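Data first, discussion second: the structure below is written as structure tokens.
The shown structure was predicted, so the numbers you read here are calculated from the model rather than taken from an experiment. Values below: all heavy atoms of this structure, side chains included; hydrogens, waters and symmetry mates excluded. Below, chain A is the first sequence line, B the second, and so on; all start at residue 1.
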Amino acid sequence: MSFLNQVNLKQLEAIKSAQGPVIVVAGPGSGKTRVLTYRIAHLINIGVPAYQVLALTFTNKAANEMKERITKIVGEKSKHLWMGTFHSIFARLLRIECEKIGYGRNFSIYDTQDSVALIKSIMSSLGISTQQYNPQAVRSRISWAKNHLVAPEEYLEQATDFSEEKTGKIFIEYRKKLKQNNAMDFDDLLLKPIELLTGHKKILESYQDRFRFILIDEYQDTNRAQYVLIKLLADKYRNICVVGDDAQSIYAFRGADIRNILDFERDYPEVKIIRLEQNYRSTKTILSAADGLIKKNIDQIPKNLWTENDEGGKIILLECEDDADEGQSIVSSIYTESHRHKFQFKDFAIMYRTNAQSRSLEDALRKNSIPYTIIGGVEFYQRKEVKDILAYLRVLVNPNDDECFLRIVNFPSRGLGDVALQNLKKFAEAKSPNLLCAAGMAGDIGGVTPRARTSFNTLASLFKKYLKLKGEISISELARALVDEIGILHLLKEEGTPEAMSRWENVQELLSAITEFTDKTQEATLENFLQDVALVSSVDKWDDKFNAVTLMTLHSAKGLEFPVVFIAGLEEGLLPFYNSNIDRKDLEEERRLFYVGMTRAMKILFLSHARLRFRFGELSYQTPSQFLDEIDETLLDKVKHTRKSIPADAIGMKISSPRRKKIKSDSSYFSDEMPDYESSSANELQMGTIVEHDVFGRGKVLHVAGRGDSLKAVIDFNSVGRKNLMLKYAQLKIV
DNA sequence: ATTAGGCGATTTTTT
DNA sequence: ATCGCCTAAT
């Protein structure tokens, strides 16, 4: 067991305490992933069958990486290990068992957008104004209630004001509709297993016997429902190991509950507590600045973090004029550091509080031809055209899904409006199990125009045809045929605008994604594809092999590390974020969020703030974040940056003392002249060039045509074959 | 009855 | 960028 030589004593203890409950309090960079990986490998090595191990991680990406490492140590024995996020693991379990609680195995999974759409339609049928009551707010209240295991009736009973009462009524209807649509929202993926296990003793026992060893990563971010679920499963054998750090708890807004750590000690009094306090990631400077900051929080478990790493350089604070200037100054620093220390682009990460901040940063990176990737933001699978095509597929899988049906009933336009749909709904309520079925009986619906009648019938027979085809051809063929038949690509091409072309590309990309899934998945069913799509997180999709600067929110940064980290927008109102009064607890969560960001940095940490920034559509004056005052001054170097149109030396850079000389001597520190990085724009594409596409992977250029914005190339991709791409939209990298 | 097009408001963080 | 809401046109 040579791998056990590579850990310190505390880590070893955490790895080897196989029996009984264990809490590992793991500071940032303390080798927590290593502990989890080795712990599982150790379990398997001492003879525990892998199928008896259940490991819950925060992202699927982390799960896959850990699983790979485990397989390297123990080999094929790891095959039947269940490892993944709470949501994907329990979705998998529900696919097997959900019939026992009255759901069909083909149930749909609703994302937040789907839930809001359903809530909107419920509100309008209950005659509740969506102006007066924000459907998003209603959704988050309902979600809060579900995460805290409050049933709709109970919620309604406890309502203290008019608006809560309304929410309660919507909640009751919402639950009913979900069931009727054979659909579950994200919260249901945790609640329904609880319902299943508490209601069926035999099933509970079989899963308790199956999952004898349970591990949970990022335990500080689990909510009440997750806690109850795990308590049920672990109750018999009590071999449960949770790993977390209260200082990194940043998901209270979605129900993460600090009580889970405290109650753990109450529920398992025999618990063994192990602290991992040695940091292997960051420099002494970064660790000590972060540690000093987090000590301002009242709510915390005291820790004694330390590192044997180098002192490292000071933390650099870039003081900027506005958001564009902030971007420019970060880009300049990337340039300087990458030359000074031979960093690659992928060694840099830029983090921020809100997704909206990415725009000005992207502008600066693009202007200087620095390749970048964004984690999160407006996601591919959230794009309207993509969701529309997916909605067709979802109805094929689950014809009871009225919400999805409504999404596409008039897409592409079939001349069906509000009135026709009201009639259809009314008819369906009395005479049909779902809207699709009702559309097939259009002849019997009263008050509908002949045009609408025809449209309903055509749509119904389209689905009839593909429902039959579904069992006969592969899902990639099915999707392609369906997309052809509804003619969406054709329509977009005809439209011809840049927006339409980008939509056209997205539809193509979706088809390619389905093809790729078909090729590399053993059980390539539509059900499985849709489930994957519903449950991938933005971090899961991130390709860390790609040599590019990574942009992401501080929330997405959890669990990651980079040699150089920039945290942008350290301004009051933004970080800490507030729009109205925030209380101490909220402020402390913001502080933890900043702490998470700081502790992602291995070698160099940059912070930045701007004096002026566009917020909510107007230019506003920003004051530096109070958190900056909480960082030990001796660890900080302030660097003023001004508008790039003014040469830096003309106005005199103000740089606080000890580092001044060093920076001044480096004349290129604020240089606006960027070196010629290999441009990511495709102007120099020639036949035979090997390029890389975000989705299609590597390919060879066969032909180039057009000029300017309409420059196109035929590329033979290794994975998906020939594609004709508009270079303006296809982000190609020359390899 | 339905659709297209214009306009304004909206963005905290996410499975 | 997307959504809801308005108006004018069909």
Side-chain angles (χ1 to χ4, degrees), chain A residues 56-60 84-91 109-113 115-117 120 124 129-131 134-136 139-140 143 146-147 184-190 218 221-223 225-226 249-256 351-359 375-379 382-385 387 410-423 447-452 455 495 498-499 502-503 506 531 533-540 552-558 569 573-580 582 586 589-590 592-594 596-597 614-618:
Chain A
L56 296 158
T57 56
F58 202 70
T59 66
N60 290 306
T85 62
F86 268 92
H87 289 87
S88 53
I89 289 286
F90 288 102
I109 297 173
Y110 281 9
D111 64 19
T112 309
Q113 221 181 80
S115 296
V116 172
K120 268 186 202 163
S124 77
S129 155
T130 51
Q131 296 294 322
N134 181 349
Q136 314 245 12
R139 192 211 66 90
S140 57
S143 177
K146 291 177 98 164
N147 281 324
M184 301 198 200
D185 65 13
F186 283 143
D187 304 322
D188 285 335
L189 295 180
L190 307 172
E218 306 287 5
D221 287 319
T222 53
N223 63 33
Q226 288 165 325
S249 161
I250 54 175
Y251 279 99
F253 74 92
R254 75 172 199 211
M351 300 169 191
Y352 35 79
R353 180 63 175 81
T354 68
N355 281 308
Q357 285 169 260
S358 76
R359 241 197 67 190
I375 296 180
V378 185
E379 307 243 357
Q382 302 290 328
R383 304 290 267 280
K384 189 184 170 302
E385 60 279 13
K387 282 213 85 166
N410 198 34
F411 169 85
S413 177
R414 297 183 176 90
L416 295 167
D418 206 33
V419 178
L421 292 181
Q422 287 308 325
N423 283 321
V448 174
T449 62
R451 176 160 78 144
S455 293
E495 206 178 314
E499 290 78 28
S502 126
R503 288 176 192 279
N506 287 334
Q531 177 161 319
V533 166
L535 299 178
V536 282
S537 74
S538 39
V539 177
D540 295 336
M552 73 194 108
T553 62
L554 289 161
H555 282 91
S556 307
K558 194 170 73 159
L574 199 52
L575 182 59
F577 187 94
Y578 47 80
N579 40 19
S580 53
I582 58 170
D586 294 330
E589 176 144 321
E590 295 293 310
R592 289 194 293 268
L593 193 53
F594 183 33
V596 166
F614 262 105
R615 290 201 72 199
F616 308 113
E618 55 183 13

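- Side chains of A:Asp540 and A:Ser537: a donor-acceptor N/O pair is present below 3.5 angstrom, by distance only.
- Between A:Lys387 atom NZ and C:dT2 atom C1' the separation is 13 Å, expressed in whole Å.
- Remark: the backbone N or O of A:Leu575 is not paired with any side-chain donor or acceptor of A:Arg353 at under 3.5 angstrom.
- Here the C1' atom of nucleotide B:dA4 and the CG atom of A:Asn410 are 13 Å apart, to the nearest Å.
- A straight line from CG of A:Asp418 to P of C:dG4 spans 12 Å, rounded to a whole angstrom.
- Atom pair A:Leu416:CG and B:dA4:P shows a separation of 12 Å (rounding to whole Å applied).
- Residue contacts shown for A:Arg359 are absent, as no nucleic acid heavy atom lies under 4.0 Å away.
- Listed by chain and residue number, A:Arg383, A:Arg503, A:Asn506, A:Val507 satisfy the side chain to side chain contact (heavy atoms under 4.5 Å, CB included) test with A:Glu385 (two or more places apart in sequence, or in another chain).
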Contact letters for nucleotides 5-10 of chain C, in which S counts primed atoms plus P, OP1 and OP2 and B counts the base, heavy atoms under 4.0 Å: S-----
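- Under the side chain to side chain contact (heavy atoms under 4.5 Å, CB included) criterion, A:Ser115 pairs with A:Tyr110, A:Arg139, A:Tyr174, A:Asp185, not counting sequence neighbours.
- In terms of the ring-ring contact (aromatic ring centres under 6.0 Å, His included) criterion, A:Tyr352 has no residue partners (sequence neighbours excluded).
- Residues that satisfy the salt bridge (Lys or Arg N to Asp or Glu O under 4.0 Å) test with A:Asp111, not counting sequence neighbours, are A:Lys387.
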Interface polar pairs with nucleotides 13-15 of chain B, N/O, under 3.5 angstrom:
unit_1: B:dT13; atom_1: OP1; unit_2: A:Asn355; atom_2: N; d: 2.9
unit_1: B:dT13; atom_1: OP1; unit_2: A:Asn355; atom_2: ND2; d: 3.0
unit_1: B:dT13; atom_1: O4'; unit_2: A:Arg353; atom_2: NH1; d: 3.1
unit_1: B:dT13; atom_1: O2; unit_2: A:Arg353; atom_2: NH2; d: 3.0
unit_1: B:dT13; atom_1: O2; unit_2: A:His555; atom_2: NE2; d: 3.4
unit_1: B:dT14; atom_1: OP1; unit_2: A:Thr553; atom_2: OG1; d: 3.1
unit_1: B:dT14; atom_1: OP1; unit_2: A:Ser556; atom_2: OG; d: 3.4
unit_1: B:dT15; atom_1: O2; unit_2: A:His87; atom_2: NE2; d: 3.1
unit_1: B:dT15; atom_1: O4; unit_2: A:Thr112; atom_2: OG1; d: 3.2

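- With sequence neighbours excluded, no residue forms a side-chain hydrogen bond (donor to acceptor under 3.5 Å, both in side chains) with A:Ser124.
- In this structure, A:Lys120 reaches the C:dG4 phosphate: one of its side-chain N or O atoms is under 4.0 Å from OP1 or OP2.
- Every residue two or more places apart in sequence or in another chain that forms a side chain to side chain contact (heavy atoms under 4.5 Å, CB included) with A:Arg254 is listed here: A:Phe58, A:Tyr251.
- Heavy atoms of A:Thr59 sit nowhere under 4.0 angstrom from any nucleic acid atom.
- The separation of B:dT12 from C:dG4, taken at their C1' atoms, amounts to 23 Å, rounded to a whole angstrom.
- Listed by chain and number, the residues in a side chain to side chain contact (heavy atoms under 4.5 Å, CB included) with A:Ser140 amount to none (sequence neighbours excluded).
- When the C1' atom of B:dT11 is taken as reference, atom CD of A:Gln136 falls 10 Å away, rounded to whole Å.
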